[in-house]
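Below, chain A is the first sequence line, B the second, and so on; all start at residue 1.
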Amino acid sequence: MARRVTAVPGAGSTSGDGAQAAERPGPAPLSQARRLGREFFARDSRVVAVELLNKVLVHDDPGAGLIAGRIVEVEAYLGADDPASHSYRGTTPRTQVMFGPAGHLYVYFSYGMHWCANAVTGDDGVGTAVLVRALAPLEGRATMHERRPAARRERDLCSGPARLTQALGLDGRHNGLDLCAASAAVWIADDDTAPPARPSASPRIGISKAVEHSWRWYVSGDPNVS
DNA sequence: CCGCCGATCTTT
DNA sequence: AAGATCGGCGGG
């Protein structure tokens, strides 16, 4: 049977499973995980994408508490040379954040009803980012289920770019947020879980241009991959 | 499990 | 007119 990781003090109405593991290998508790710094993001989006696998996306949601999931699927987007990227045609009101400094959150409105979240990467002014496409739920499952009544199984909570923003409570208010600022309510944490040694790759999902590039990566076998 | 399609609105 | 999507529905 699957063992849950419930480790965060403070907020909340987590369901009590009284078991307390004395010693076990595996990820450090979320309370000890380190917020990724600017230098992590300020590299080629394809490198950052792969290294984001198995990191933890966290939202310290006012009112709802900590909600978090392990990143299991990502896509890299480039700039002027990537026709599938929002930044392909240069700076616009929508893509302004993408062209800003690395380590900020680019949240865009999709298909008239969904929000999707990216981490801005690379050098300032280049317009590259990594789309987070799926998470393995780690913390705040009860809140995730409340926010996503359509998800009947746990693997439907965060298995898609717009599903995970719903589950974590991310939307346009978070566009431009600095993931690296110590005071920011959203961050990406390293809990000492390494990226997969051999991540799977494929073309990006839902695009019709630049389909020749395999710039989607995921943790093979993870049930939360979209 | 898979494919189809409508929702809904921003951007081109 | 298309889009970095999702969920409901029908069929296998």
Participant: Could you state the atom-to-atom distance from OH of A:Tyr88 to C1' of C:dA2 in whole Å?
Facilitator: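 From A:Tyr88 OH to C:dA2 C1': 16 Å.
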Participant: I need the CZ-C1' distance between A:Arg94 and C:dA2, as an integer number of Å.
Facilitator: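 The answer, rounded to whole Å, is 11 Å.
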Participant: Looking only at heavy atoms, what is the nearest atom pair of A:Ala84 and A:Arg204, with distance?
Facilitator: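 For A:Ala84 and A:Arg204, the tightest heavy-atom pair comes out as CB-NH2, 3.6 Å.
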Participant: When you measure from every atom of DNA chain C, which of residues 161-172 of chain A have a heavy atom less than 4.0 Å away?
Facilitator: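 Output list: A:Pro161, A:Ala162, A:Arg163.
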Participant: If you take all heavy atoms of A:Ile67 and A:Met144, which pair is closest and at what distance?
Facilitator: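 Closest approach of A:Ile67 to A:Met144, heavy atoms only: CG2-CE, 3.6 Å.
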Participant: What is the distance, rounded to the nearest whole Å, between atom CZ of A:Arg155 and atom C1' of B:dC1?
Facilitator: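 Atom CZ in A:Arg155 sits about 11 Å away from atom C1' in B:dC1.
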Participant: Determine the minimum heavy-atom distance between A:Leu164 and A:Val132, stating which atoms define it.
Facilitator: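 Taking every non-hydrogen atom into account, CD2-O, 3.4 Å.
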Participant: Are A:Asp82 and A:Lys209 close enough for a salt bridge, meaning some N to O gap below 4.0 Å?
Facilitator: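 The answer is no: the pair does not qualify as a salt bridge.
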Participant: Is the NZ or CZ atom of A:Arg38 positioned over A:Phe41's six-membered ring, under 6.0 angstrom from the centre and within 45° of the axis?
Facilitator: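 The answer is no; the distance or angle limit is not met.
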Participant: Below 30° counts as parallel, above 60° as perpendicular, anything between as tilted: where do the rings of A:Tyr108 and A:His86 land?
Facilitator: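 Geometry flag for A:His86 against A:Tyr108: perpendicular rings.
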Participant: Reading 5' to 3' and counting Watson-Crick or G-U wobble pairs with both distances under 3.5 Å, write the dot-bracket notation for DNA chain C, | for bases paired outside the strand.
Facilitator: |||.|||||||.
Participant: Looking only at side-chain atoms of A:Arg148, point me to the closest of B:dT11, C:dA4, C:dG7.
Facilitator: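 Shortest atom-to-atom distance from the side chain points to C:dG7.
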Participant: Flag yes if A:Val58 and A:Trp115 sit in one hydrophobic cluster, no otherwise; membership is Ile, Leu, Val, Met, Phe, Trp, Tyr, and two members link when side-chain heavy atoms are under 4.5 Å apart.
Facilitator: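 Cluster IDs for A:Val58 and A:Trp115 differ.
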Participant: Name the pairs: protein N/O against N/O of nucleotides 10-12 of chain C, kept only if under 3.5 Å.
Facilitator:
none

Participant: Output the rounded distance in Å from CZ (A:Arg147) to P (C:dC6).
Facilitator: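 For the pair A:Arg147 CZ and C:dC6 P, the rounded distance is 17 Å.
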Participant: Check whether more than 12 heavy atoms from other residues, nucleotides or ligands sit under 6.0 Å from atom CZ of A:Arg34, and answer yes or no.
Facilitator: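 More than 12 heavy atoms, drawn from other residues, nucleotides or ligands, come within 6.0 Å of this atom.
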Participant: Is there a continuous path of hydrophobic side-chain contacts, each under 4.5 Å between heavy atoms, that joins A:Val219 to A:Leu52?
Facilitator: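 Looking at the clustering, A:Leu52 is in the same group as A:Val219.
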Participant: Just to verify, what does A:Ser220 make a side-chain hydrogen bond (donor to acceptor under 3.5 Å, both in side chains) with, not counting sequence neighbours?
Facilitator: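 Applying side-chain hydrogen bond (donor to acceptor under 3.5 Å, both in side chains) to A:Ser220 gives A:Ser200.
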Participant: Of the non-hydrogen atoms in A:Val130 and A:Ser45, which two are nearest, and what is the gap between them?
Facilitator: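 The answer is CG2-O, 3.4 Å.
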Participant: Between residues 203-212 of chain A and DNA chain C, which residues have a heavy-atom gap below 4.0 Å?
Facilitator: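 Residues of residues 203-212 of chain A under 4.0 Å from DNA chain C: A:Ile205, A:Gly206, A:Ile207, A:Ser208.
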Participant: At their closest point, which heavy atom of A:Arg35 faces which heavy atom of A:Leu179, and how far apart are they?
Facilitator: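 For A:Arg35 and A:Leu179, the tightest heavy-atom pair comes out as NH1-O, 3.0 Å.
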Participant: CE of A:Met98 versus C1' of B:dT11: gap in Å, rounded?
Facilitator: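 To the nearest whole Å, that distance equals 15 Å.
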Participant: Compare side-chain N and O positions of A:Arg133 against OP1 and OP2 of C:dT5 and report whether any pair is under 4.0 Å apart.
Facilitator: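 Answer yes for this pair, as a side-chain N or O of A:Arg133 is under 4.0 Å from OP1 or OP2.
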Participant: Would you say a side-chain N or O of A:Arg89 is under 4.0 Å from OP1 or OP2 of B:dT11?
Facilitator: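 Looking at the OP1 and OP2 atoms of B:dT11, neither is under 4.0 Å from any side-chain N or O of A:Arg89.
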Participant: Take a 6.0 Å sphere around CZ of A:Phe109 and say whether it holds more than 12 heavy atoms from other residues, nucleotides or ligands.
Facilitator: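 For A:Phe109, atom CZ is crowded (more than 12 foreign heavy atoms under 6.0 Å).
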Participant: Between A:Trp215 and A:Leu53, is there a shared hydrophobic cluster once you connect ILVMFWY residues whose side-chain heavy atoms come closer than 4.5 Å?
Facilitator: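 Yes; tracing contacts between hydrophobic side chains, which count when under 4.5 Å, links both residues.
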Participant: Can you name the nearest heavy-atom pair linking A:Arg133 to A:Ser226, along with the distance?
Facilitator: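 In terms of heavy atoms, the two residues are closest at NH2-OG, 3.2 Å.
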Participant: Can you tell whether the side chains of A:Asp61 and A:Arg147 come within less than 4.0 Å, N to carboxylate O?
Facilitator: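 The answer is yes: the pair qualifies as a salt bridge.
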Participant: Starting from C1' on B:dT11, measure out to CD on A:Gln96 and report it in whole angstrom.
Facilitator: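 A:Gln96 atom CD is separated from B:dT11 atom C1' by 16 Å.
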Participant: Among residues 107-120 of chain A, which residues get a heavy atom nearer than 4.0 Å to DNA chain B?
Facilitator: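 Listed by number, they are A:Phe109, A:Tyr111, A:Gly112, A:Met113.
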